[in-house]
2 protein chains.
Amino acid sequence: MAGRKTTIADVAQRAGVSKGLVSFALNGRPGVSPETRERILSVAHDMGWQPDARARALSTNRSLAYGLVLSRNPSVLSSDPFFPTFISGVERAISGPGHVLVLSVVESLERELETYRSLLESGRVDGVFLTDVRRDDPRLALVQELSAHAVVLGHPRVDAGFPTLSVSDEAALDALVAHLVALGHHELGLVVGPSHMLHAERWRDSLVAAATTRGLRTPRIVETDFSAEMGLAATRELLEGRTPPTAIVYANDHMALAGLGHARRAGIEVPRELSIVGYGDSDMTRYAYPSLTTVSVDVAEWGYRAAQLLMSQVEGGTDDVGQPPPARLEVRESTASVPERPVGP
Amino acid sequence: MAGRKTTIADVAQRAGVSKGLVSFALNGRPGVSPETRERILSVAHDMGWQPDARARALSTNRSLAYGLVLSRNPSVLSSDPFFPTFISGVERAISGPGHVLVLSVVESLERELETYRSLLESGRVDGVFLTDVRRDDPRLALVQELSAHAVVLGHPRVDAGFPTLSVSDEAALDALVAHLVALGHHELGLVVGPSHMLHAERWRDSLVAAATTRGLRTPRIVETDFSAEMGLAATRELLEGRTPPTAIVYANDHMALAGLGHARRAGIEVPRELSIVGYGDSDMTRYAYPSLTTVSVDVAEWGYRAAQLLMSQVEGGTDDVGQPPPARLEVRESTASVPERPVGP
DNA sequence: CTGAAAGCGCTTACAG
DNA sequence: CTGAAAGCGCTTACAG
């Protein structure tokens with residue numbers, strides 16, 4: 001229709017007031033008489049005025065945008081339901097206020113850091129989400145150096161100086177170990193994530209602690225990059241050992257599903273001969289046969305709260321949004337009593 | 001460090017030139033003597049100057065940002081590898097030039113439309129990706145009304161007036177039917193996506209055409225929303241019919257995996273008693289047992305080209321980036337000869 | 001309650 | 001090759 005976008009100057013002229021007053025009226029600021037406000041609003045509406053995010057961003061020094069940079073490898077990323085779910089939670093929090101998520105996917109840690117830097121320095125985003133925090137993570141230093149806003153997803157052990165939101169899973173993991181012990185298992189295998197990721201390390205520690213506390217031997221541990229491919233290799237490695245575990249716990253569901261596939265292929269019956277446990281409670285755990293015992297984490301809620309916290313940070317608030325609900329054990333079909341077999345010493 | 005961000009005015013002052021000249025030097029425009037340019041650049045670097053995306057966006061009327069709005073339901077979204085993969089391709093194309101992706105996830109079609117509108121009208125993005133195009137899709141009209149830039153992912157049948165990028169899969173689907181025919185199947189079941197989505201409709205039509213051409217009866221068809229849950233229900237429905245299909249083809253891999261789970265649970269051996277075929281070639285198809293025969297689509301490349309095309313559109317170019325590579329049939333373990341059995345009339 | 005002006009940090013004609 | 005100025009579309013003190 002209009003050749004040119006309508007601006008507040010156009011609205012001001014038509015309404016016979018100044019630009020400043022239009023801005024006040026549009027933003028619901030006090031100091032505009034009800035009739036004038038009414039008139040301005042209706043003119044703006046009639047002219048189809050829409051705020052220009054760029055101009056607003058420049059004059060307020062705020063983009064109303066938040067950044068998330070993912071550096072996992074493509075294959076892991078594509079099968080991991082974490083991010084889509086997390087993002088849907090984030091969106092639920094930010095879209096109401098008209099804020100926006102800037103998402104970036106990168107292929108290396110250097111690029112990840114550069115991307116966070118440029119997003120923040122250029123003012124494209126007002127704050128960032130930091131996931132998959134690593135030991136001595138350079139992103140923490142970067143965000144501090146830029147005195148930018150950030151929310152860390154992970155565990156408070158990260159003395160980041162940033163607000164941290166984490167799903168507490170110690171109780172669920174302990175319940176899992178208790179469940180396996182009750183079924184008679186005492187040789188556990190653990191397929192863990194990369195040890196340089198703090199949450200992977202913590203997950204492993206929680207399980208080892210639970211196992212030890214409950215009188216099990218230290219579990220056998222194989223480290224992976226979270227990919228199904230390495231999950232499969234880890235399964236093979238564990239099962240080919242001298243005293244193979246009778247139950248394997250995986251750090252995510254798709255590694256567990258790959259393990260399940262391998263077991264079937266090797267003629268090992270799950271759960272009669274081997275119990276398998278995932279982590280995350282992704283959709284597919286319900287539709288596999290046997291369905292997977294797993295640990296359920298409310299990732300969408302996590303994302304929702306993280307976004308609320310970040311918005312509140314940026315606005316200088318000190319809102320305590322509270323931690324997301326703790327993880328829960330979901331017992332399904334892939335765990336059962338340990339098989340009777342001649343036992344060694 | 002610096003209390004205030006350094007701007008080109010600071011650089012200009014320190015270098016003893018005008019702001020305009022700094023801008024020219026920084027943007028590599030002609031009309032600046034080599035020595036001056038050199039000096040300006042080094043001053044800018046020393047002062048740690050970084051461009052302000054907001055200011056640049058306002059004065060150039062360009063955000064260097066592109067929008068993608070997803071409206072699939074959370075459960076489908078979380079298990080569908082399409083979007084993470086697509087996005088990684090998009091990023092590969094745009095991140096080099098310093099452009100950015102604005103991602104939105106919404107819960108209804110109304111919100112989807114509103115979001116596209118506000119992204120475009122506010123100038124937050126310079127163009128958008130349109131996926132999952134539906135019959136009489138209101139987004140097409142919207143984008144046209146706003147005379148905005150867009151790239152459509154789907155099939156040219158959509159006479160959108162926008163450049164369209166699609167993965168041609170007719171040949172692969174025909175090869176799939178040929179493969180099944182060669183194995184002796186003549187009762188096919190199809191688990192399709194929502195018929196109001198043009199690509200779902202087209203997928204179904206391609207398979208029906210291939211089946212008819214190759215002398216099969218019209219396949220039995222069950223429509224779903226692409227979720228594993230409905231994939232499972234569809235499988236049950238097909239298998240409980242009077243003459244159950246001997247092979248079922250699913251519109252995506254996770255429905256196929258849910259179908260596989262159901263078959264196992266019902267005591268039906270795959271592929272001896274039932275052949276199962278997925279679509280998409282997601283990671284998990286390799287790790288299932290039996291591994292899934294599927295159709296491989298290079299989604300990352302699709303995203304890469306779509307982004308290139310969109311950038312070129314916005315810049316007024318007419319680059320022909322070419323269509324992404326066609327889909328390919330991947331024969332794995334889940335398809336085999338039709339079982340011998342007493343056949344009806 | 002209202003207006004006129006300056007400013008956010010860039011880019012871009014227009015003069016010289 | 002370089003400078004001074006206007007402008008992008010808003011917001012926000014500051015006066016009246």
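The sequence lines fix the lettering, A, B, ..., with proteins before strands; numbering per chain opens at 1.
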Checking all strands, does A/Thr7 fall into the base, sugar-phosphate, or nothing category for heavy-atom contacts under 4.0 angstrom? sugar-phosphate

Hey, where on DNA chain C does chain B first and last touch, going 5' to 3'? Cut-off is any atom under 4.0 Å from a heavy atom. C/dG9 to C/dT12

Return the set of residues passing salt bridge (charged side-chain N to carboxylate O under 4.0 Å, His left out) with B/Glu112 (not counting sequence neighbours), or none when no residue passes. B/Arg134, B/Arg139

Hits for salt bridge (charged side-chain N to carboxylate O under 4.0 Å, His left out) against B/Arg124, two or more places apart or cross-chain, chain-then-number order -> none

DNA chain D contacts made by residues 45-60 of chain A, counting heavy atoms under 4.0 Å: A/Trp49, A/Gln50, A/Asp52, A/Ala55, A/Arg56, A/Ser59, A/Thr60

Less than 3.5 Å apart, which donor and acceptor atoms pair up between the side chains of residues 82-93 of chain B and the rest of the protein, not counting sequence neighbours?
from, atom 1, to, atom 2, distance (Å)
B/Thr85, OG1, B/Pro81, O, 2.7
B/Ser88, OG, B/Thr85, O, 2.8
B/Glu91, OE1, A/Ser104, OG, 3.4

Does any residue of residues 12-21 of chain B have a heavy atom under 4.0 Å from DNA chain C, and if so, which ones, in number order? B/Lys19, B/Gly20

Report, one line per pair, each donor and acceptor closer than 3.5 Å where one atom sits in a side chain of residues 308-315 of chain B; sequence neighbours left out.
from, atom 1, to, atom 2, distance (Å)
B/Gln308, NE2, B/Tyr304, OH, 3.4
B/Ser312, OG, B/Asp319, N, 3.4

Which residue pairs pass the ring pair (Phe, Tyr, Trp, His ring centres under 6.0 Å) test when at least one of the two sits in residues 43-75 of chain A, sequence neighbours left out? A/Tyr66-A/His99

Can you sort out the partners of B/Asp298 under salt bridge (charged side-chain N to carboxylate O under 4.0 Å, His left out), two or more places apart, ordered by chain and number? none

Under the salt bridge (charged side-chain N to carboxylate O under 4.0 Å, His left out) rule, collect the residues that match up with B/Arg62, sequence neighbours excluded. none

What I'd like to find out is whether the side chain of A/Leu70 reaches to under 4.5 Å of the side chain of A/Val106, using heavy atoms alone. no

Taking side chain to side chain donor-acceptor pair (under 3.5 Å) as the test, write out the residues that go with B/His199, two or more places apart. B/Asp132

Go ahead and write out DNA chain D as dot-bracket, 5' to 3': ( ) for pairs within the strand, [ ] for ones crossing earlier pairs, | when the partner sits on another strand, dots for unpaired; Watson-Crick or G-U wobble, both distances under 3.5 Å. |||.||||||||.|||

